[in-house]
Amino acid sequence: MVSLVLILLLALVAVRPANGFRRSVHTAAATTDPRPPPWRHHVFLSHRGPDGRHTFTDHLDSALRRKRINVFRDDHDLPRGENVTEAISRAIEESMLSIVVLSGGYASSEYCLDELKENGHRVFPVFYKVSPDEDVADPSSSGVYKADLDRHKRRHSYERVASWIHALRSISQISGWVIHDHT
């Protein structure tokens, strides 16, 4: 866990603007640039709540927050009274990078699958109790995601499910961490 947090910190430092994560009062007053800071959140944490809420995801979230990394996590930070899809899409846009915790139930959530498609920035995958090669790389024909995707095929258009499968295959090609929690 410590090495994951340290690597993410290094990645954040590597992509942050020269004046830090957000402009200080002094910097904002001294500049003539009227644009707001490029990011509202350092990290968008994509996860399926029930799979890791009281284990890995909570520990990762806590470790990042202790390091003063601004994390957006939908089960903590989603504004009440707003459209969930729009609020999550906006949070992804306003985040510097995403950490995607792919767990056994990740593909059962349409929200999670849509979050994968939305990511247009740097993504760090964490394969939590799933195999990037077997479960994620070929999700519709084998592995833990097959049943969920079969259910989605009965409820959604071919194009939508195909886009989710493509997003899962794409993230399986990104070097990440494989975590086998022993709780």
Side-chain angles (χ1 to χ4, degrees), residues 1-17 20-22 37-79 84-85 87-133 135-137 139 143-145 148 163-164 166-183:
M1 173 67 69
V2 173
S3 64
L4 175 60
V5 172
L6 290 175
I7 291 168
L8 290 169
L9 281 170
L10 290 172
L12 287 168
V13 170
V15 296
R16 75 179 183 177
F21 290 124
R22 66 182 98 143
W39 301 289
R40 185 170 175 207
H41 314 285
H42 301 132
V43 174
F44 179 86
L45 185 55
S46 176
H47 67 102
R48 182 171 178 271
D51 290 352
R53 182 171 287 136
H54 299 292
T55 56
F56 175 77
T57 305
D58 276 349
H59 295 297
L60 176 61
D61 181 47
S62 295
L64 291 169
R65 290 177 194 262
R66 276 193 306 273
K67 297 293 184 182
R68 296 185 181 195
I69 294 174
N70 183 344
V71 178
F72 181 92
R73 184 172 162 184
D74 64 353
D75 56 345
H76 291 166
D77 304 308
L78 195 63
V84 173
T85 304
I88 288 175
S89 182
R90 187 172 50 254
I92 291 170
E93 287 177 15
E94 295 173 342
S95 297
M96 186 184 307
L97 57 89
S98 288
I99 300 172
V100 179
V101 181
L102 294 135
S103 57
Y106 191 87
S108 69
S109 168
E110 296 170 24
Y111 288 117
C112 288
L113 293 169
D114 284 340
E115 290 168 13
L116 268 185
K117 292 180 358 183
E118 296 251 350
N119 277 314
H121 54 260
R122 189 132 190 219
V123 175
F124 292 88
V126 176
F127 303 96
Y128 180 66
K129 297 184 180 181
V130 297
S131 164
D133 299 324
D135 297 320
V136 185
V144 297
Y145 296 154
D148 292 325
S163 69
W164 289 336
H166 174 74
L168 286 165
R169 286 181 178 151
S170 294
I171 201 163
S172 76
Q173 301 302 310
I174 300 172
S175 178
W177 295 268
V178 178
I179 307 290
H180 294 287
D181 194 51
H182 299 337
T183 59

Next on the checklist: If I take atom CG from residue Leu113 and atom CG from residue Leu168, how far apart are they, to the nearest 0.5 angstrom?
Outcome noted: 5.5 Å

Checklist outcome for this item: Note: Asp135 and Gly143 closest approach over all heavy atoms is OD1-CA, 3.2 Å

Next on the checklist: Please determine whether side-chain contact (heavy atoms from CB on, under 4.5 Å) holds for the pair Leu60 and Ile99, giving the CA-CA distance in whole Å, both sets of side-chain angles, and the decisive distance to 0.1 Å.
Outcome noted: CA-CA 10 Å; Leu60 176 61; Ile99 300 172; 3.9 Å; yes

Next on the checklist: Pairing donors with acceptors under 3.5 angstrom, does anything connect the side chains of Ser98 and Arg122?
Outcome noted: no

Checklist entry - Just by distance, do the side chain of Ser109 and the backbone of Tyr106 share a donor-acceptor pair under 3.5 Å? => result no

Next on the checklist: Between His41 and Asn70 (side chain of the first, backbone of the second, donor and acceptor by atom type, cut-off under 3.5 Å), is there such a pair?
Outcome noted: no

Next on the checklist: Less than 4.5 Å apart, side chain to side chain, heavy atoms only: is that true for Phe124 and Leu97?
Outcome noted: yes

Item to check | Heavy-atom pair with the smallest gap, counting every atom of Asp133 and Ala137 | outcome: O-CB, 3.2 Å

Item to check | Inter-residue atom distance Leu45.CG - Phe72.CZ, 0.5 Å rounding | outcome: 10.5 Å

Checklist entry - Roughly how far, to the nearest 0.5 Å, is the NE2 atom of His59 from the CG atom of Leu64? => result 13.0 Å

Checklist outcome for this item: Minimal heavy-atom distance between Val144 and Val130, with the atoms involved, is CG2-CG1, 3.8 Å

Checklist entry - Which value, rounded to the nearest 0.5 Å, describes the distance between Ile92 atom CD1 and Glu115 atom CD? => result 5.0 Å

Checklist outcome for this item: Heavy-atom closest pair (Lys117 atom, Trp164 atom, distance to 0.1 Å) is CD-CD1, 3.5 Å

Item to check | Backbone N/O of Thr85 and side chain of Tyr111: donor-acceptor pair under 3.5 Å | outcome: no

Item to check | Pairing residues for Ala87 by the side-chain contact (heavy atoms from CB on, under 4.5 Å) criterion, not counting sequence neighbours | outcome: Leu78, Pro79, Glu82, Arg90

Checklist outcome for this item: The reported gap from CG in Leu116 to OG in Ser46 (rounded to nearest 0.5 angstrom) is 6.0 Å

Next on the checklist: Does any part of the side chain of Ile171, heavy atoms only, come nearer than 4.5 Å to the side chain of Val136, both counted from C-beta?
Outcome noted: yes

Checklist entry - Where do Ser95 and Ala91 come nearest, in terms of heavy atoms and distance? => result OG-O, 2.6 Å

Checklist entry - With a 4.5 Å limit on heavy-atom distance, are the side chains of Phe127 and Ser103 in contact? => result no

Checklist entry - Which heavy atom of Leu102 sits nearest a heavy atom of Pro125, and at what distance? => result CD1-CB, 4.1 Å

Item to check | Pairwise distance OH(Tyr128) to CD1(Ile179) - rounded to 0.5 angstrom | outcome: 9.0 Å

Checklist entry - Which of these passes side chain to side chain contact (heavy atoms under 4.5 Å, CB included) with Asp61: Arg66, His47, Arg73? => result Arg73

